[in-house]
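Order of the sequence lines fixes the chain letters, A, B, ..., with proteins taken first and strands second; residue numbering starts at 1 for each chain.
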2 protein chains.
Amino acid sequence: MESSADSKRVTLAQVAELAGVSVMTASYAYNRPERVSDRARSKVLDAAERLGYAGPDPSARSLRRGSTRTLGVVMGEHLSYAFEDPEAASFLAGIADVCADRGYGMTILPITGAADDGRRVTEAAVDGFVVWTTSDDDPVLSAVRAVKRPAVVHGGPEVAGLGLVGIDNRAAARAVGALAFAGAERPAVVSFPLSRDRISTITTGIDPADVLFPVTRERLEGYRLAAEDAGIAWRDVTVAVCARNDTAEAERLTAALLTAPEPPDAIAAMSDQQAAGVVHAVRAAGRAVPGDVAVTGWDDAAVAEQLGLTTVAQSLRDQGAACARAALGETPDAHAAEWSLVPRTSTRP
Amino acid sequence: MESSADSKRVTLAQVAELAGVSVMTASYAYNRPERVSDRARSKVLDAAERLGYAGPDPSARSLRRGSTRTLGVVMGEHLSYAFEDPEAASFLAGIADVCADRGYGMTILPITGAADDGRRVTEAAVDGFVVWTTSDDDPVLSAVRAVKRPAVVHGGPEVAGLGLVGIDNRAAARAVGALAFAGAERPAVVSFPLSRDRISTITTGIDPADVLFPVTRERLEGYRLAAEDAGIAWRDVTVAVCARNDTAEAERLTAALLTAPEPPDAIAAMSDQQAAGVVHAVRAAGRAVPGDVAVTGWDDAAVAEQLGLTTVAQSLRDQGAACARAALGETPDAHAAEWSLVPRTSTRP
DNA sequence: CTGTTAGCGCTTTCAT
DNA sequence: ATGAAAGCGCTAACAG
C-alpha cells in the first residue's frame, strides 16, 4: 500500500513527527540502528513506509557529512571512447571493483573536449578523482588540481599535487622494441596520437620530446632506444600515427606502409588492438608474420594470445584499482605498476 | 601563486567578505555572470583566487537546487561485467552522449549482487535512474521504484512506475529464428542465463514462461514460435544456457552440442559474441556454416559482419540515449525501439 | 546591479 | 536511549 504520488518530497522531520519521535531518533533509525530501541526504530520505519519516505536525501547527507561517497572518473575528451576501448574498459572495471567494495559510487564525468570541461570537474559532487592518461596541456588537469581533492592520474602526465599510477613505459617499450626490431632493417612504429588534435599521419624523425601525450612520448622514446640499440637511426624509423586506438585504422595505415618502396620489416604498435590491425594488413598483403614483418603489441589483451602477439603485459584493471584506492586516500599517491614482456610468435626468435 | 594547503574549506561567504561584496553577488559571479558588473565579478574572482576557493560546493548546490545534475546507471549484479560486454558498453556510450550534451554526470552504481544493493540505489545522489535489463525478481528494481525519481528500465522487466525502452524481442527472435531454422531438422538455441544464479546447462523443453530474465524469456518465446513455424516441436529443441554473454563459453557449449548423437543443424544464439563462439566450434568440429549448421546472432556487432552472421540489428547506443533522455524527463517514459533483420551468409538461403 | 532573508534536509555536537 | 540546537554551503525569492 503506497500513499500515492505524494505532493512534495517527504522529509525526515515529517517521518519523525508521524512516528512520534524526534528527528534525531528518526535519523538514527537509518544511520545507527543499534543506538535506537527496536520499538522506536519500527515506529520510524512504519511512518516512513506510510509516507512513502525513500530514506535520507543523499544531497543533504553529503553536505552535512562533508563527503559524497562517490569517486569521479575523467576519461578524456571523448567520453564514449572510454567504453569502446577494451583497455580503458579494464581500467574502469578496476575502479569499479574498489568502488563496489567500499560502497562508493563512480561518477564518470561528461568530458567532451569543449571549453567547459573544467566546469564539469569543478561541479562534480565527488570526493576524489581518477584521471585517465591525457596530454600535458589538457585543461582538465588544472581543474582537477584546483578543486584540491585527492586525485590520481593514470599513466601521466605527472602533475604537482596529483598522484600518479602507471608502468615505466619507456623501459617497457625499449624491451618489447628489442624483440620487435631484432634482425630488422627497416623498423616502423604504429603510434597513438601525438597531440590532442589526433591527427593521423605517416612520418619519420619525429622528436618524442614534442609529443604531448606522456604515455605515447615515453613509448616512442623507448622505441627509439630499441632502434638505436639495434643499430638503426631513429630518423630512419617510420612512425604511423593513428588518430585513435583502433584496429581498423592501424590496418589502413599499415597497408599504406606496406606499399612504400621500402616497406617495413618490423612494426611495433602501441596496443594489441593496433597490432591486430597490423597483422591483418600484413597478411592481406600476402606477407608473413614474423618472416616478412615482425609485429609487437601492448597490453596482452585476449587478441594478443589469439594472434600469438609478442606484447607487454600489464594489468590495467589492477592499475584502475590502485588509482581508486589512492584517490580514496587509502594508499600513498604514487605507484609504479608492474609490467612484463610476453614473447610469442609474432617476433623473430 | 597559491595560498598553500589552507586550513579548512573555503566558503563563498569568505570569498564575498574578502571581495567586499555580499554573498549573493559572489554567488551570481559564478552562476549568473551576466547579472553582475564586471568589476564586482573580477573582485570576486580575485578574492577566490587569493583564498584558493575552488568554486561553489557541489553538494551544497545540489541540496539547495534540489537537483544533482547527475544520472544514475544500474548495470546488474556484476558491475565490471558492464565494461566487458561490448553491447553493454554501447549502451553506456549512448547514455554518456546524452549526459555529456546536457552537462550531466553519470554515476554508475556499485551493484554487487549483495544484500545492500538496494541501499546503493537509495543513497545515490542522482536525479534519475537508467536500469540495464535484469531479472523480474531483482531487488534493485523495487529500490529504484521506492526512491520515486524518474527511472527507465532497458529491455525489461516492465515495472509499474518505471519507463521501459527496448525492442520487441519476441518478434525479432521469431523473425531471425525463421532464418536460422529454415530447412533445419534439429534446431538448437544458445541462450543467456535463465535466472540470477546464472547456471550453465544443456537441456530441452524449458518453458520460457519460467525464465526470470524478460529479454531472454521473450527471445526464447520467439525462437519457440520460429521452431513451431518450421514444424518442429519446442520440446525437441535443445537449449544451451550460458552463464554469461561470452564467446568462449558459447564455443564450449556448442562443442558439447556437436558431440551429441544427433547434433544440431541450426543454432540461434542470443548475441553475436555467442554466435561467434558457435561458429568457431562448428568449424573446429570440421563442419560448415551454414551447410552443416546454420547460425544466427543478435545485435549486429562488428564481429557479425566479419563472420557473415545473420543477425538482428538494433542500436543499443540509441537505446541508451533514449533511456537517458527519458530518465531526465525529456521524453515520454516508454519507447519501442527499432530493430531489423540482417540476413547474411551464416544461414541457408 | 546588489543585498537581505530564509531555509534546502540532514547529522554532528552536546545535553539529558 | 533520546532530544534540542546549530549549521553544513549554498541559492531562490524577493526587495531595493
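D:dA1 atom C1' lies 13 Å from atom CZ of A:Arg39, rounded to whole Å. For the pair A:Leu63 CG and D:dG9 P, the computed distance is 7 Å after rounding to whole Å. Between the CZ atom of A:Arg9 and the C1' atom of C:dC10 there is a distance of 12 Å, rounded to whole Å. Rounded to whole Å, atom P of C:dG9 lies 17 Å from atom CE of A:Met24. Put simply, CZ on A:Arg65 is 13 Å from C1' on C:dG9, counting in whole angstrom units. Straight-line distance from the CG atom of A:Leu12 to the C1' atom of D:dG3: 13 Å, rounded to whole Å. Between the CD atom of A:Glu123 and the P atom of D:dC10 there is a distance of 13 Å, given to the nearest Å. Atom pair A:Arg64:CZ and C:dC8:C1' shows a separation of 14 Å (rounding to whole Å applied).
Each of D:dT11, C:dT13, C:dT2 was ranked by its minimum atom distance to the side chain of B:Asn31; first place goes to D:dT11. For B:Ser22, taking side-chain heavy atoms from C-beta onward, the closest of the listed nucleotides C:dT12, D:dA12, C:dT4 is C:dT4. Ranking D:dC10, D:dA12, C:dG9 by closeness to the A:Asp57 side chain, first place goes to C:dG9. Among D:dA13, C:dT11, C:dT2, the nucleotide with an atom closest to any side-chain atom of B:Thr25 is C:dT2.
In this model, the phosphate group of D:dC10 is not approached by any side-chain N or O of B:Ser27 to a distance below 4.0 Å at OP1 or OP2. Taking only side-chain nitrogens and oxygens, B:Arg61 comes nearer than 4.0 Å to OP1 or OP2 of D:dT11. For C:dG9, neither phosphate oxygen OP1 nor OP2 lies less than 4.0 angstrom from any side-chain nitrogen or oxygen of A:Thr11. The phosphate of C:dT2 (OP1 or OP2) has a side-chain N or O of B:Ser37 nearer than 4.0 angstrom.
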### Query
Are B:Leu162 and B:Arg145 close enough, and set up right, to give a side-chain contact (heavy atoms from CB on, under 4.5 Å), and what steps lead you there?
CA-CA 7 Å; B:Leu162 309 192; B:Arg145 227 171 71 108; 4.1 Å; yes
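Distance alone, capped at 3.5 Å, places no donor-acceptor pair between the B:Asp116 side chain and the B:Arg119 backbone. At distances below 3.5 Å, not a single donor-acceptor pair connects side-chain atoms of A:Asp318 with backbone N or O atoms of A:Gly94.
Within 4.0 Å (heavy atoms only), B:Val21 reaches sugar-phosphate atoms of the nucleic acid but no base atom. As judged by a 4.0 angstrom heavy-atom cut-off over every strand, A:Tyr53 is placed among residues touching the sugar-phosphate backbone only. Contacts of B:Arg35 with the nucleic acid, taken as non-hydrogen atoms under 4.0 Å apart, include base atoms.
The residue among B:Arg32 and B:Ser59 whose nearest nucleotide of DNA chain D lies closer to the 5′ end is B:Ser59. Between A:Val23 and B:Ala60, the residue anchored closer to the 5' end of DNA chain C is B:Ala60, taking for each the nucleotide with the nearest heavy atom.
When A:Asp127, A:Val126, A:Val98 are each tested for a side chain to side chain contact (heavy atoms under 4.5 Å, CB included) with A:Tyr104, only one passes: A:Asp127.
Under the 3.5 Å distance criterion, with hydrogens and angles disregarded, a donor-acceptor pair is assigned to the side chains of A:Ser22 and A:Thr25.
Note: B:Trp132 and B:Phe91 have tilted aromatic rings, judged against thresholds of 30 and 60 degrees for the angle between ring planes.
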